[in-house]
There are 2 protein chains.
Amino acid sequence: MYAVSAAQTRSANPDLRPHIRSSADPELMDVPPELDAAMTFTRWRREEDCAALLTDGGLCWVVSGIIRKCAVHESGQRRIVDLIMPGDFFALGPADARTFSFQAVTEGTVTARLTQRNLNRFITENPGVYCMFYRLACNVIARLEEQLLVQGRTTAAEKIAAYLLLMSTRLSGAQDGAVVLPVSRYDIADHLGIAVETVSRAITELRRAGLIHLDGPRRIEMTDARGMQRKADGAR
Amino acid sequence: MYAVSAAQTRSANPDLRPHIRSSADPELMDVPPELDAAMTFTRWRREEDCAALLTDGGLCWVVSGIIRKCAVHESGQRRIVDLIMPGDFFALGPADARTFSFQAVTEGTVTARLTQRNLNRFITENPGVYCMFYRLACNVIARLEEQLLVQGRTTAAEKIAAYLLLMSTRLSGAQDGAVVLPVSRYDIADHLGIAVETVSRAITELRRAGLIHLDGPRRIEMTDARGMQRKADGAR
DNA sequence: CGTTGCCTTGACCAGCATCAAGGAGCGTGG
DNA sequence: CCACGCTCCTTGATGCTGGTCAAGGCAACG
């Protein structure tokens with residue numbers, strides 16, 4: 001077992017509760033109050049491993065902050081398969097325990113957890129909740145498919161452009177304006193399957209082309225959303 | 001609406017019924033007989049577009065054969081995001097209709113379809129079925145994550161090795177023995193985001209290295225499963 | 001003030017996309 | 001029966017892209 005370093009509140013915390021809303025699909029995450037009361041909230045430090053949340057087969061939501069789902073190859077290479085943001089849910093499949101690990105990306109990430117026991121107890125009384133789980137799972141599917149499309153672009157600049165657009169929609173709901181990247185260049189590299197240096201170069205290329213404007217390494221303004229879209233789609 | 005060219009049997013066909021089993025998780029797809037009776041079966045010709053199945057928001061299973069889920073970019077490039085095999089289910093998300101299309105890959109692919117209407121009717125009487133949907137959706141998630149890991153490899157040979165191993169497990173349940181690829185080199189290329197020529201060259205490279213043996217272009221024997229795994233993991 | 005993590009740039013070379021060509025298998029029609 | 005067109009697969013030549021190694025800047029932090 002993993003020793004969780006932060007305090008856990010055993011019941012619903014009114015401070016945290018309202019944040020459990022999917023930005024992509026606000027109406028979706030209407031967690032029934034009964035379910036809410038059965039959840040355990042946890043706050044995580046940066047880079048802290050939170051896989052222990054899921055070892056018993058329970059479910060988990062990100063309330064605030066970011067969680068990343070990683071796989072580490074034999075060769076030592078790390079691959080990020082998913083970035084889990086506020087409102088998103090995640091669970092550990094039967095085969096996942098061996099391949100995947102979870103870490104908090106941002107300091108003070110808060111998760112809401114539903115243990116297998118509480119889940120079972122709740123489900124027997126209220127089987128309709130699976131409908132919500134089904135829809136949440138479909139959201140994950142849509143997210144992974146988008147990620148596959150981003151990784152499927154040919155050049156690095158296209159990948160980065162598509163990635164920034166995707167991040168922009170996921171973080172703010174819009175594809176223009178400014179994004180504050182919650183992840184480092186290293187994380188982006190491992191998420192896209194390219195080298196850090198290439199990430200850096202591609203961002204510089206987009207900046208030189210006048211498609212984005214940097215305000216520090218993390219804050220990126222999309223000065224030309226249309227152009228970014230064309231770039232992402234591999235227009236020549 | 002799309003004119004479906006093949007005959008449809010309105011009720012459960014005893015010939016087709018037993019095939020609706022997931023090879024990956026046999027116990028999972030125990031479709032309740034009541035649900036089975038509400039399904040519509042369709043047989044598709046090769047390359048036939050079967051997106052019309054899903055426009056009403058219903059669900060679909062592949063009974064036999066293969067369905068591919070594609071996205072086509074502005075630039076005309078095609079990307080395959082998923083290969084759907086017997087026992088797997090698929091549905092059309094709200095945003096999917098614009099981006100994705102579905103086609104039968106193999107001649108005579110059979111699908112089982114549950115219309116939105118039948119689904120609704122059935123669900124009100126039996127809400128527990130969503131549990132099955134949830135688990136099926138989790139299977140899709142696991143599949144997409146594996147695909148992301150395959151695409152995340154660095155060199156083309158690693159990608160192809162990982163892809164062949166994955167195909168092998170998905171088609172036969174084992175990682176050794178022979179695989180008969182249900183897809184063309186072009187499909188593999190569009191699934192991995194690399195050029196056809198590179199696919200061909202990578203397969204030749206694996207053959208020359210003694211890791212596989214070709215018996216015609218589609219039938220591939222894994223003569224050295226261990227070596228394939230090492231190759232896929234980027235061992236040097 | 002040194003250390004550490006993160007980001008950027010340069011130089012170099014392997015690997016892949018691209019263009020081009022040719023072969024194998026197959027169904028169609030003469 | 002063969003000629004033809006078609007799709008699919010393979011191989012070669014070439015130029016560009018990105019991985020790798022190396023170095024340096026910058027900010028936060030002890």
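In what follows, chains are A, B, ... by sequence order, proteins preceding strands, each numbered from 1.
The residue B:Ile203 sits apart from the nucleic acid: no heavy atom pair falls under 4.0 Å. B:Ser200 comes within 4.0 angstrom of a base, heavy atoms only.
When each of B:Pro217 and A:Val199 is assigned the nucleotide of DNA chain D with its nearest heavy atom, B:Pro217 is the one assigned upstream, toward the 5' end.
The two residues A:Met222 and A:Asp176 have their closest heavy-atom pair at CB-CA, 4.2 Å. Scanning both residues, A:Glu158 and A:Lys231, for their nearest heavy atoms gives CG-O, 3.2 Å.
One side chain, A:Thr111 or A:Trp44, offers a donor N or O that lies under 3.5 Å from an acceptor on the other.
Evaluation of atom-type donor-acceptor distances gives a pair under 3.5 Å for the side chain of B:Arg201 against the base of C:dT18. The base of C:dC7 does not come close enough to the side chain of A:Glu197 for any donor and acceptor atom to sit less than 3.5 Å apart.
Side-chain N/O atoms of B:Arg218 include one lying less than 4.0 angstrom from OP1 or OP2 on D:dC9. An OP1 or OP2 oxygen of C:dT9 is reached within less than 4.0 angstrom by a side-chain nitrogen or oxygen of A:Thr204.
In this structure, of D:dC9, C:dT8, D:dG19, it is C:dT8 that holds the atom nearest to the side chain of A:Arg185. You'll find that the side chain of A:Tyr186 is closest to C:dC7, out of C:dC7, D:dC8, D:dG18. Among the nucleotides D:dC9, C:dC16, D:dG18, the one closest to any side-chain atom of A:Ala156 is D:dG18.
For the helix from C:dC1-D:dG30 to C:dG30-D:dC1, the angle separating the two terminal helix axes comes to 20°, with each axis derived from five pairs and the value rounded to 10°.
Pairs engaging residues 140-164 of chain A under the ring pair (Phe, Tyr, Trp, His ring centres under 6.0 Å) rule: A:Tyr163-A:His191 [sequence neighbours left out].
Checked by atom type and distance alone, the side chain of B:Thr169 never pairs as donor or acceptor with a backbone atom of B:Ala174 at under 3.5 Å.
Distance A:Ile160 CD1 to D:dT17 P: 16 Å, rounded to the nearest Å. A straight line from CD of B:Gln77 to P of C:dA17 spans 10 Å, rounded to a whole angstrom. In this structure, A:Ile194 places its CD1 atom 15 Å from P of C:dC16, rounding to the nearest Å. Computed from coordinates, the B:Leu181 CG to D:dT7 P distance equals 21 Å when rounded to whole Å. Distance B:Leu214 CG to D:dT10 P: 7 Å, rounded to the nearest Å. Distance, A:Leu206 CG to C:dT8 P: 12 Å, rounded to whole Å.
Residues A:Cys70 and A:Arg79 are not in side-chain contact: their nearest non-hydrogen atoms beyond the backbone lie 4.5 Å or more apart. Proximity of A:Phe89 to A:Leu59: side-chain heavy atoms (C-beta onward) are separated by under 4.5 Å at one or more points.
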